[in-house]
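Order of the sequence lines fixes the chain letters, A, B, ..., with proteins taken first and strands second; residue numbering starts at 1 for each chain. Keep in mind that this is a model prediction, so the values were computed, not measured.
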Amino acid sequence: MGILSEIRKWKGTGVWITLACLALVPVAGQGYLGIMAKVSPDKVYITALSLFFRMFFLIAIGVVVSLSFFNETRKGGRLNFILHGISESNLLVHKWWAFHLALFIYVIVAFGIAGGVILFVGGNPLNVYASLGVPFVFILMSTSIVINLQYLMTLAFRGYEILALFVVLLISAGNLFISSTVFWIYVPWSYPFRLLYFDSLTVSHLWTIVGLFVLSTMLVSGVIVFKRRRAFF
Amino acid sequence: MKIRGTMFAEEHKKVGWPKAAWAMLLFSVMGNGMAFVFFLRYRDDFVSQGTPMFDGYLLFYSYFLFIAAVLFSAFMGYYIFSKEYQSGMWGVLLTKNISKRRIVGAKHVLFLLYFEGYLLLSMILFTLAAWYFQLDIPLADWVSLYGLIAFVFIAVAYGQLLFHIYIRNGMIASALSVLWIFLFLSRGYLPNSVAMYLPLFNFESVLSRMLGYTGYPGPIVLHVMLSSVFYMLVIFISLKHDYYGYE
């Protein structure tokens, strides 16, 4: 039990290698293109991270959340809660925090890899990232929205977690195209990508993101509180 | 012959036809729907550039057909191959007198059957869209297009199947389908001499040659042969692979 124990459960499942692949391939690939195109040091991180946030990051969230619930179901993890009399809401809360902790660190790591690209084009990552405080907070907020949506979806597809992963695969394929259109605001999965272009956003966009963050967190909290009333589902 | 039929029926029962049929319908509607919407949006651009409408639609169609095909292969690969690791089915080969070749062969037949079904459904939707946009496709072109796509496109599905054969965790194998999509999206940055030999892009080379473009070198026969060699190789690998053990 505990947040770190939840993360420790992923050991040996292949999650870490998959996450490394899903970050390194797009950021390094796009970063190389940015270097070749001689993009200025203060903008090259956008080039490096654009495909990552459009598609790969969403799938990484899908893999982490769905696989965690899937392993819990498959390896009979839930039986421990019957045997030891611990409520399921504890498991859900710890999972929720573990997802946030791991994926926030993942975002920071992705920015770190993009920092390497900035170094390549002759810039200083610390100088570039110093001005990104507010956008970064919003990126974390939008990450939380996507985690919450995936969390709710996986709970809804209980027992068929693979379907939640396929839904996010379909959404991320669609997001490749939708995130560049004016309809992006209706698709919460495109928020992390659009927040890279923070200057192009209006105040109403930011309020929508904050509103959805609060709403999705409340929904997840509601589900967890509902589970507390039941011994087991 | 009877045993082979039974094996196929058993494999089919394990996957469940309603699930596979719904997935087939969903993925083909998704791919074609996206191509339809995008062509509707950018049709005027093709007209202003003087690109033939049929070529323009085929461009979008091949693009979205690829993405949907990779995802559909991931779905079918999960239910046909990866689920066996979870249930520990491969252990049966150690305890019962059953030929691995027959089981894997039945799985390949099932996978190909549904994939060809997906391609046929996509071609029907393509024809409906072509009729809607009033694109003129002669019947001979339609047949040759479907014939080649049905044969060459298998390489795309088998590329994804490689993940499901080698990675015991089906969820991770499915998620890695994104790597094929990434390779497809960045194909423009690869030299033509490299892209030409990648089985994943053979369908595009064939389409380009059929439309009279010379962007990809080599005759159609070469690409068809490359695709065939690739999926024969995957079948061979899948027959030789050591499946024993749990996920």
Side-chain angles (χ1 to χ4, degrees), chain A residues 10 12-19 21-22 24-30 32-33 36-37 50-52 54-71 73-75 154 160-178 180-183, chain B residues 16 19 22-23 26-27 29-31 33-35 37-38 41-42 60 63-79 82-83 85-88 160 163-164 166-190 246-247:
Chain A
W10 305 343
T13 56
V15 167
W16 297 116
I17 296 172
T18 312
L19 288 185
C21 265
L22 292 177
L24 278 172
V25 170
V27 179
Q30 290 281 109
Y32 173 74
L33 296 180
M36 288 293 111
S50 60
L51 190 63
F52 171 73
R54 258 187 197 200
M55 198 175 188
F56 286 72
F57 182 52
L58 309 177
I59 294 169
I61 292 176
V63 168
V64 167
V65 177
S66 299
L67 198 68
S68 177
F69 278 103
F70 174 73
N71 284 337
T73 315
R74 192 172 163 272
K75 294 186 175 165
T154 312
Y160 300 94
E161 287 85 0
I162 185 72
L163 292 181
L165 181 69
F166 272 103
V167 170
V168 85
L169 276 171
L170 287 174
I171 289 171
S172 58
N175 192 45
L176 263 177
F177 309 99
I178 294 167
S180 320
T181 65
V182 289
F183 303 109
Chain B
K19 190 195 301 161
W22 276 112
L26 175 78
F27 284 100
V29 167
M30 188 203 81
M34 293 282 273
V37 170
F38 271 80
R41 170 81 175 74
Y42 294 105
F60 279 119
Y63 203 81
F64 290 107
L65 185 74
F66 178 89
I67 294 176
V70 169
L71 296 180
F72 179 67
S73 312
F75 186 87
M76 292 310 291
Y78 176 83
Y79 279 103
S82 300
K83 271 217 124 182
Y85 285 114
Q86 281 173 36
S87 54
Q160 176 59 27
F163 285 137
H164 292 277
Y166 274 102
I167 299 172
R168 287 175 196 271
N169 192 322
M171 273 204 171
I172 287 178
S174 305
L176 287 179
S177 60
V178 71
L179 294 181
W180 294 126
I181 297 174
F182 173 73
L183 197 63
F184 180 67
L185 292 177
S186 45
R187 71 199 182 286
Y189 302 104
L190 296 173
Y246 287 89
E247 175 200 315

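The side-chain contact (heavy atoms from CB on, under 4.5 Å) test with B:F75 singles out one residue from A:L170, A:I162, A:L163, and that residue is A:L163.
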**OP:** Report the C-alpha distance between B:N169 and A:L67 in whole Å, list the side-chain angles of each, state the deciding distance to 0.1 Å, and finish with yes or no for side chain to side chain contact (heavy atoms under 4.5 Å, CB included).
**Re:** CA-CA 10 Å; B:N169 192 322; A:L67 198 68; 3.6 Å; yes

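Heavy-atom distances place both the backbone and the side chain of A:V25 under 4.5 Å from chain B. Looking at B:M171, the atoms closer than 4.5 Å to chain A (heavy atoms on both sides) sit in the backbone and in the side chain alike. Proximity to chain A (any heavy atom under 4.5 Å) is shown, for B:A74, by both the backbone and the side chain. In this structure, chain B has heavy atoms under 4.5 Å from both the backbone and the side chain of A:S66. Only the side chain of B:Y79 comes within less than 4.5 Å of a heavy atom of chain A; its backbone N, CA, C and O stay farther away.
Side-chain rings of B:Y189 and A:Y32 stay apart, their centers remaining 6.0 Å or farther from each other. Remark: aromatic rings of A:F177 and B:F64 are close, center separation under 6.0 Å.
Atoms CG and OG, from A:L51 and B:S186 in turn, are 8.0 Å apart once rounded to the nearest 0.5 Å. For the atom pair CG of A:L176 and OH of B:Y63, the computed distance is 7.0 Å after rounding to the nearest 0.5 Å. Annotation: the span from B:S177 atom OG to A:L169 atom CG amounts to 5.0 Å, rounded to 0.5 Å. For the atom pair CG (B:L176) and CG (A:L22), the distance works out to 6.5 Å, reported to the nearest 0.5 Å.
The two residues A:G174 and B:M34 make their nearest non-hydrogen contact at CA-CE, 3.7 Å.
Most heavy-atom pairs under 4.5 Å with chain A, from the set B:V178, B:I167, B:I67, B:V70: that is B:V178. Put simply, of B:L71, B:L179, B:I181, the one with the most heavy-atom pairs under 4.5 Å next to chain A is B:L71.
Within a 6.0 Å radius of CH2 in B:W22, other residues, nucleotides and ligands contribute 12 heavy atoms or fewer.
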